[in-house]
Number of protein chains: 2
Amino acid sequence: EDVKVRAITHNLDVVKVVLLGVPDKPGVAALVLRTLVDCAVSLDMIIQSEGREGKKDIAFVIPREDKGKVHKALESLQKMLPLEGVTFDEGVGKVSVVGAGVANDPRIAFRMFDTLARLGVNIDMISTSNLRISCLIPRDRVAESVSALHETFIEDSEVMLREGS
Amino acid sequence: EDVKVRAITHNLDVVKVVLLGVPDKPGVAALVLRTLVDCAVSLDMIIQSEGREGKKDIAFVIPREDKGKVHKALESLQKMLPLEGVTFDEGVGKVSVVGAGVANDPRIAFRMFDTLARLGVNIDMISTSNLRISCLIPRDRVAESVSALHETFIEDSEVMLREGS
Ligand SMILES: C[C@@H](O)[C@H](N)C(=O)O
Ligand SMILES: C[C@@H](O)[C@H](N)C(=O)O
């Protein structure tokens, strides 16, 4: 199944921003995005998962150079929108396993998460699409994680192809 | 910018599964995926966001026919892994805005979330990749949401193209 994995990518130019405990009702996500549109930032990921008691966290990833203006924009937002807090985390990096259908096959996600686990790398956030499984992990573990993922998915499959031919 | 949006897609064959409050340490995501691999299920989304106090929720979406075997597999997992609970939600459906670069432009995410907000549709989960912004919403709102998103992104841009020619 590894033939599906086409590449391992990473991005160190990321800051994780989390709006904690926003009201879980219609219009809130739109308001948050409106704020980001107004400060002309580009986004790398938007993640919203399960919440608790009528509240949700909305997390997104921005380029490091945009931290200042997003911080400013979210300060104003907090006057309009009740929330528990806003956090900025510069200690993360992003690694992704890329290829058609990767997210649909749990074996690929398993091998990605297991590779990171074996390095003792904690997975902070996970987001998938049919073409990509992306994880936020500690920034200082990105380089070795990329190598290890390469070994799991790319080098092994090259060996398999050679053996098969 | 709407020329980026190539299609609106949806999926009603989904059940949202959430493992609540798993320990946030290396190896946990791998163990969860191992369990899913062993019950041969296919996955549609995996989402993990911010947690609280050393715990995280891991959410994923499975086909409705797999609910039984995943339920069984997660019962065994709960013996091995301390967690707060496991929930199954059959009341969701998935809608996606698809196109190159859609997730990087907050204006597209804004217009998607705003379209849903105007219908009074609550957004339960959000996951993005560079090709797709996906939302889980109430199942009984999927059809009208797809129409509205089509109107926002596809029909308007066709009008724009005609006017421009
Ligand atoms: C939390 C936020 O996503 C909210 N549920 C909304 O629909 O906007
Ligand atoms: C919660 C889970 O993702 C954990 N952080 C892990 O690395 O496996």
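Residue numbering restarts at 1 for every chain, and letters A, B, ... go by the order of the sequence lines.
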Report task. Please say whether more than 12 non-hydrogen atoms of neighbouring residues, nucleotides or ligands are located less than 6.0 Å from CZ in Arg118(A). Result -> no
Query raised in the report: Is Lys69(B) atom NZ crowded by more than 12 heavy atoms from other residues, nucleotides or ligands, each under 6.0 Å away?
Result: yes
Query - Min side-chain heavy-atom separation Leu131(A)-Arg132(B) under 4.5 Å - result: no
Requested in this report: Among the options Ser127(A), Gly120(A), Ser134(A), pick out the one with the most heavy-atom pairs lying under 4.5 Å from chain B.
Outcome: Ser127(A)
Query raised in the report: Do Arg111(B) and Val37(A) have side-chain heavy atoms sitting under 4.5 Å apart?
Result: no
Query raised in the report: Can any side-chain N or O of Thr128(A) pair as donor or acceptor with the backbone N or O of Ile46(B) at less than 3.5 Å?
Result: yes
Report task. For Asp24(B) and Ile123(A), work out which heavy atoms get closest and say how close. Result -> OD1-O, 3.8 Å
Query - Side chain to side chain, Arg52(A) and Leu20(B), heavy atoms closer than 4.5 Å - result: yes
Requested in this report: With a 4.5 angstrom heavy-atom cut-off, could you sort out which part of Val121(A) is near chain B: side chain, backbone, both or neither?
Outcome: backbone
Query raised in the report: With the 4.5 Å side-chain cut-off for hydrophobic clustering, are Phe110(B) and Met112(B) part of the same group?
Result: yes
Query raised in the report: In the single-linkage hydrophobic clustering (I, L, V, M, F, W, Y; side-chain heavy atoms under 4.5 Å), do Leu119(B) and Leu31(A) co-cluster?
Result: yes
Query raised in the report: Counting heavy-atom pairs under 4.5 Å to chain B, which of Gly27(A), Ala29(A), Ala59(A) comes out on top?
Result: Ala29(A)
Query raised in the report: Phe60(B) and Phe113(A): same hydrophobic cluster, using ILVMFWY side-chain contacts below 4.5 Å?
Result: yes
Query raised in the report: Glu50(A) side chain to Thr87(B) main-chain N or O, any donor-acceptor pair under 3.5 Å?
Result: no
**Report entry** Atom pair CD1/NZ of Ile126(B) and Lys56(A) - distance to nearest 0.5 Å
**Finding:** 9.0 Å
Requested in this report: First locate atom CG of Leu43(B), then atom CD1 of Ile133(A), and finally report the distance between them rounded to the nearest 0.5 Å.
Outcome: 9.0 Å
Query raised in the report: Are Leu74(B) and Val92(B) grouped together when hydrophobic residues (ILVMFWY) are joined by side-chain heavy atoms under 4.5 angstrom apart?
Result: no
Query - Which atoms of Asp124(A) approach chain B - backbone, side chain, both or neither, heavy atom under 4.5 Å - result: both
Report task. Could you pull out the closest heavy-atom pair between Val41(B) and Pro106(A), with the gap in Å? Result -> O-CG, 3.0 Å
Report task. Pick whichever of Asn130(B), Leu136(B), Leu33(B), Asp57(B) has the most heavy-atom pairs under 4.5 Å with chain A. Result -> Leu33(B)
Query raised in the report: Between atom CG of Asn104(A) and atom CG of Asp44(B), what is the distance when rounded to the nearest 0.5 Å?
Result: 6.5 Å
Requested in this report: Say whether Met125(B) and Ile137(B) are linked into one hydrophobic cluster, either directly or through other cluster members, by side-chain heavy-atom distances under 4.5 angstrom.
Outcome: no
